[in-house]
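One structure is given here, and the rest of the page talks about it.
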Protein chains: 2
Amino acid sequence: MGFILTYGTLAGMDASLRDRWLAQADRRLTGAGLRAGAARTGVVEFLARDGQCLLSAQEITDGVRARGAGSAASVYRVLDELFELGLLHRVDGRDGVARFEIADPEGHHHHVVDETTGEVRAFSDERLEEAIRAVGDRLGLRLTSHDVILRGVPAQAADVD
Amino acid sequence: MGFILTYGTLAGMDASLRDRWLAQADRRLTGAGLRAGAARTGVVEFLARDGQCLLSAQEITDGVRARGAGSAASVYRVLDELFELGLLHRVDGRDGVARFEIADPEGHHHHVVDETTGEVRAFSDERLEEAIRAVGDRLGLRLTSHDVILRGVPAQAADVD
DNA sequence: TTATATGCAAAAGCTTTGCATGGGT
DNA sequence: ACCCATGCAAAGCTTTTGCATATAA
């Protein structure tokens with residue numbers, strides 16, 4: 001049995017991203033000769049549903065546990081595998097906790113932290129990507145991945161000079 | 001007594017950056033009402049000399065210890081203070097270790113990791129900075145800080161398409 | 001059937017904290 | 001003198017690892 005499962009449509013979700021990711025996850029996991037055990041399946045299912053924003057291993061473990069299976073050890077192991085297979089993005093936070101989210105096979109995004117609330121928002125910007133590509137060229141590197149984290153506070157009218 | 005100390009010129013070092021940083025560190029530490037104890041002075045001195053590249057708390061502790069004073073606890077405390085005062089950049093690595101380097105009062109840089117060797121290089125790029133400023137504007141944020149980490153492998157002639 | 005996946009519990013590693021002592025101003 | 005800074009040791013966290021058991025293929 002593979003990792004592709006059926007879901008009802010969830011309100012507010014990008015169903016096509018979820019399906020694309022699930023299809024790719026299935027392909028790569030199967031291709032790597034990995035089996036569909038309870039923990040691995042649980043993590044993949046859970047992330048396909050709820051993994052479009054950064055989630056800690058703790059949160060993922062809770063989510064998987066709520067659906068019956070999973071343990072911290074297995075979740076960490078599965079997260080490592082998925083990351084190595086390029087199926088997840090990983091951001092190491094200032095709090096010493098690693099957070100993961102599903103990697104969109106087509107295009108990606110970055111994160112901005114609102115320092116007044118701690119809230120994390122996603123954004124994407126082609127001009128930024130282009131600038132990064134240019135840097136890679138200038139440095140003579142073939143870039144395999146990159147992270148951008150912005151931190152800021154809402155611009156009040158009073159802030160504008 | 002302040003935190004500004006005298007040093008001989010070190011080969012391969014950017015003496016002006018070191019001095020600028022030391023001056024600003026002295027100003028901000030004194031301004032914050034902090035005292036020049038052995039550990040704090042040791043960390044500031046050590047970083048002024050050797051802190052232009054990312055260093056772990058462990059490495060900093062070793063460096064400070066080699067000069068007589070310092071303990072892990074104090075180093076962590078001092079590093080936090082310096083970071084809060086905006087005197088250090090901090091990067092949280094994939095290995096779960098936080099690394100620090102002195103923040104240049106004028107201009108800053110980012111890092112690129114050579115995935116074949118693990119080696120970290122610094123770079124700066126005005127076009128990238130400009131793109132980031134534009135993103136902040138577009139999102140309605142006043143950016144307080146940002147990190148960029150690139151990962152890649154040396155571009156071989158064969159890679160070029 | 002056979003190698004792999006899982007889960008518990010213990011271990012490991014970085015970082016923080018409590019507390020008594022030493023030191024700056 | 002007074003309060004801050006320091007250092008040791010213990011505690012707190014996330015993450016990793018060992019090992020016996022369960023399970024996918």
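Residue numbers begin at 1 in each chain, while the letters A, B, ... track the order of the sequences.
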- Query: Which residue, B/Gln58 or B/Ala38, contacts DNA chain C at a nucleotide closer to its 5' end, judged by nearest heavy atom?
  - Reply: B/Gln58
- Following the transitive rule for hydrophobic clusters with a side-chain heavy-atom cut-off under 4.5 Å over Ile, Leu, Val, Met, Phe, Trp and Tyr, establish whether B/Leu139 and A/Val148 coincide in one cluster. yes
- Ignoring the backbone of A/Ala69, work out which of D/dA5, C/dG7, C/dT6 is nearest its side chain. C/dG7
- Message: What's the angle between the local helix axes at either end of the helix from C/dT1-D/dA25 to C/dT25-D/dA1, using five pairs per end and rounding to 10 degrees?
- Response: 40°
- Rounded to whole angstrom units, what separation is found between the CG atom of A/Leu34 and the P atom of D/dA25? 11 Å
- Task: Could you tell me the separation between the CZ atom of B/Arg40 and the C1' atom of D/dC3, rounded to a whole number of Å?
- Result: 13 Å
- Task: Report the distance from atom CG of A/Leu55 to atom C1' of D/dT14, rounded to the nearest whole Å.
- Result: 16 Å
- Item | Sole candidate of B/Glu101, B/Glu59, B/His89 that passes side chain to side chain contact (heavy atoms under 4.5 Å, CB included) when paired with B/Leu54 | B/Glu101
- For the pair B/His110 and B/His146, name the ring-plane relationship: parallel under 30°, tilted 30 to 60°, perpendicular over 60°. tilted
- Task: Whole angstrom is fine here: how far is it from CG in B/Leu79 over to P in C/dC14?
- Result: 15 Å
- Does anything in residues 71-78 of chain B reach DNA chain D, meaning a heavy atom under 4.0 Å, and if so which residues? B/Ser71, B/Ala73, B/Ser74, B/Arg77
- Task: May I ask you to evaluate whether B/Arg35 reaches the phosphate of C/dT25, defined as a side-chain N or O under 4.0 Å from OP1 or OP2?
- Result: no
- Whole-Å distance between D/dA5 P and B/Glu81 CD? 7 Å
- Message: Test your reading of the model: is there a side-chain donor-acceptor pair from A/Arg142 to the backbone of B/Gly152, 3.5 Å cut-off?
- Response: no
- Message: By the 4.0 Å heavy-atom rule, please label B/Arg65 as base, sugar-phosphate, or nothing.
- Response: sugar-phosphate
- Query: To the nearest angstrom, how far is A/Asp95 atom CG from D/dT15 atom C1'?
  - Reply: 14 Å
- Message: Rounded to whole Å, how long is the line connecting atom CG of B/Asp80 with atom C1' of C/dT17?
- Response: 12 Å
- Query: Got B/Leu47 and B/Trp21 here, is their nearest side-chain heavy-atom distance under 4.5 Å?
  - Reply: yes
- Starting at CZ of B/Arg90 and ending at P of C/dT15, how long is that distance when rounded to a whole Å? 7 Å
- Are A/Leu82 and A/Leu55 connected in the hydrophobic side-chain network, where two residues link if heavy atoms are under 4.5 Å apart? yes
- Query: When clusters are formed by joining ILVMFWY residues with side-chain heavy atoms under 4.5 Å apart, either directly or through shared neighbours, do B/Leu79 and B/Leu34 land in the same one?
  - Reply: yes
- Item | salt_bridge(A/Glu126, A/Arg133) N-O dist < 4.0 Å | yes
- Between B/Asp104 and B/Arg18, is there a side-chain N and carboxylate O pair less than 4.0 Å apart? no
